[in-house]
Amino acid sequence: MAVTGSDAFAQVANLPGVAEAVTDARSAVDRLLGHRVLRRRSAEVSTEAALRGARASAALEGVSVTLDEIRAAEAPKDPVVQGALRVSAELGSLVDTWRQAPRQVLARLHVLAAADAVEESALGRPRAEGQEVEDVLGLGQPPSVREVASRLDMLCSLLTQPTDAPALVVAAIVHGELLTLRPFGWGDGIVARAAQRLTMVARGLDPKSLTAPEVGHAELAEEYAAALRGYVSGTPKGVAGWIRHCGDATAAAARDSQAICEAILRG
């Protein structure tokens, strides 16, 4: 779906079933935010969620790794795992810039995600015409370089303008657009999922970054790919289904972070 027009995000928020998905996700995050562990130890929860998010993002790229391996001083050298870890570690420092210069942040996210996988000259740069594009999720042929440039400009412009749309809707559209466009050719999934999380933090749904929506997407992996294909189709039904999936994934991520809180509480 190409996001165009005045407050395009709000237009999507009015699609059938989206308001309910937003409410359910917001309720799940609010329940998490009320946990007593967060009064003093929210940083621990955020750190653990970030690790789990990196692991989940790698898994969605087809690379399985355990949490113990992720936590180890010598984490697996696989470029996908290392890229997901770098992105997750730096995400918090990018929130303010994301609000003002999203295109700059997307370039930085690709540098972090793809540092071990592509030539240095290609890091943070949009893919060239004819460049091979990874399609881990089976989304089909990506748009042309010209369409990518146009839609990416529109998306980044919309992100710096006011909107009445809830944070979840904006975050889901960011994620869906980036994976539809696959602007870099390698690491686009890692970048897209990170951008969703950044949007949720920057727009106040999860201001302390206590949830990792990547965890929810991985938990619902089969639905993830199918829902993305619905978004890529551009139909109102497909787009609404994708937003609902992102709501379900956010709620699942909040429940996972709730479990982290309980584990800390038990010691």
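At least one donor-acceptor pair under 3.5 Å links the side chain of Asp135 to the backbone N or O of Gly140. In this structure a side-chain-to-backbone donor-acceptor pair under 3.5 Å is missing from Gln104 to Ala101. The main-chain N or O of Thr211 is found under 3.5 Å from a side-chain atom of Asp206 such that the two form a donor-acceptor pair. Between the side chain of Ser57 and the backbone N or O of Ala54, no donor-acceptor pair lies under 3.5 Å. Not one N or O on the side chain of Arg182 forms a donor-acceptor pair closer than 3.5 Å with the backbone of Pro143. Proximity of a side-chain donor or acceptor of Gln131 to a complementary backbone N or O of Phe184 within less than 3.5 Å is detected. A donor-acceptor contact shorter than 3.5 Å is absent between the side chain of Ser88 and the backbone of Ala84. Of the possible polar contacts, none joining the Ser64 side chain to the Ala59 backbone as a donor-acceptor pair under 3.5 Å is found. Not a single donor-acceptor pair under 3.5 Å links the side chain of Asp153 to the backbone N or O of Ser150. Checked by atom type and distance alone, the side chain of Arg127 never pairs as donor or acceptor with a backbone atom of Glu132 at under 3.5 Å.
Checking Arg86, Lys77, Gln82 one by one against Asp116, the side chain to side chain donor-acceptor pair (under 3.5 Å) holds for a single residue, Arg86.
Not less than 6.0 angstrom separates the ring centroid of Trp186 from the ring centroid of His110.
Within the 4.5 Å cutoff, the side chain of Ser42 has heavy atoms near those of the Leu210 side chain. Between Asp7 and Asp164, the closest side-chain pair of non-hydrogen atoms falls below 4.5 Å. By the 4.5 Å heavy-atom criterion applied to side chains, Asp24 and Ser27 are not counted as neighbours. Lys208 has its side chain out of reach of Ser46: every pair of non-hydrogen atoms, C-beta onward, lies at least 4.5 Å apart. Contact check for Leu198 versus Val95: side-chain heavy atoms found under the 4.5 Å cut-off. The closest side-chain heavy-atom distance from Thr163 to Val170 is below 4.5 Å. With a 4.5 Å cut-off on side-chain heavy atoms, Arg193 and Val87 do not count as touching. Using a 4.5 Å heavy-atom cutoff, the side chains of Glu223 and Arg244 are not in contact.
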* To do: Report the C-alpha distance between Ile260 and Val37 in whole Å, list the side-chain angles of each, state the deciding distance to 0.1 Å, and finish with yes or no for side chain to side chain contact (heavy atoms under 4.5 Å, CB included).
  => CA-CA 10 Å; Ile260 296 171; Val37 160; over 6 Å; no

* To do: Please report the C-alpha distance between Glu48 and Arg71 in whole Å, then the side-chain angles of each, then the deciding distance to 0.1 Å, and finally whether the salt bridge (Lys or Arg N to Asp or Glu O under 4.0 Å) criterion is met.
  => CA-CA 9 Å; Glu48 177 65 14; Arg71 292 192 185 99; 2.4 Å; yes

* Does the side chain to side chain contact (heavy atoms under 4.5 Å, CB included) test come out yes or no for Leu158 and Ile173, once each step is laid out? -> CA-CA 11 Å; Leu158 287 170; Ile173 292 173; over 6 Å; no

* Hey, mind stepping through Val232 and Leu179 against side chain to side chain contact (heavy atoms under 4.5 Å, CB included) and telling me if it holds? -> CA-CA 8 Å; Val232 171; Leu179 266 175; over 6 Å; no

* Asked: Taking it one step at a time, do Ile190 and Glu214 satisfy side chain to side chain contact (heavy atoms under 4.5 Å, CB included)?
  -> CA-CA 9 Å; Ile190 297 172; Glu214 304 95 323; over 6 Å; no

* Residues Arg108, Glu90; criterion salt bridge (Lys or Arg N to Asp or Glu O under 4.0 Å); working and verdict -> CA-CA 10 Å; Arg108 178 59 183 165; Glu90 194 165 320; 2.9 Å; yes

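Rounding to the nearest 0.5 Å gives a distance of 11.5 Å between CD of Glu147 and CG of Leu152. Atom CG of Leu106 sits about 4.5 Å away from atom CH2 of Trp98, to the nearest 0.5 Å. With values rounded to the nearest 0.5 angstrom, Cys156 atom SG is found 10.5 Å from Glu177 atom CD. To the nearest 0.5 angstrom, Asp256 atom CG is 10.5 Å from Gln258 atom CD. To the nearest 0.5 Å, atom CD of residue Gln196 and atom SG of residue Cys246 are 4.5 Å apart. Summarising the geometry, atom CG belonging to Leu155 is positioned 8.0 Å from atom CG belonging to Leu181; distances are rounded to the nearest 0.5 Å.
Scanning both residues, Arg26 and Leu205, for their nearest heavy atoms gives NH2-O, 3.0 Å. Here the shortest heavy-atom pairing between Val22 and Pro166 reads CG1-CB, 3.7 Å. Nearest approach of Ala240 to Pro16, heavy atoms of both residues: CB-O, 3.7 Å. Here the shortest heavy-atom pairing between Gly238 and Ser233 reads CA-OG, 4.3 Å. Contact detail for Arg203 and Leu159: the closest heavy-atom pair is NH2-O, 3.1 Å. When all heavy atoms are compared, the tightest approach of Leu38 to Leu32 is CD1-O, 3.1 Å.
The cluster map of Ile, Leu, Val, Met, Phe, Trp and Tyr, joined by side-chain heavy atoms under 4.5 Å apart, puts Val145 and Leu139 in different clusters. Val63 and Leu51 fall within a single hydrophobic cluster, where Ile, Leu, Val, Met, Phe, Trp and Tyr are joined by side-chain heavy atoms under 4.5 Å apart, directly or via other members. Leu220 and Val239 are assigned to two separate hydrophobic clusters, defined by single-linkage of ILVMFWY side chains at heavy-atom distances under 4.5 Å. Both Met154 and Val12 are members of a single hydrophobic cluster when ILVMFWY side chains are connected at heavy-atom separations under 4.5 Å. Following chains of ILVMFWY side-chain contacts shorter than 4.5 Å, one cannot reach Val215 starting from Val80, and the two form parts of different hydrophobic clusters.
In Arg125, the CZ atom is not crowded: 12 or fewer heavy atoms of neighbouring residues, nucleotides or ligands sit closer than 6.0 Å.
The aromatic rings of His217 and Trp242 sit parallel to each other, their planes meeting at less than 30°, with 60° as the upper class boundary.
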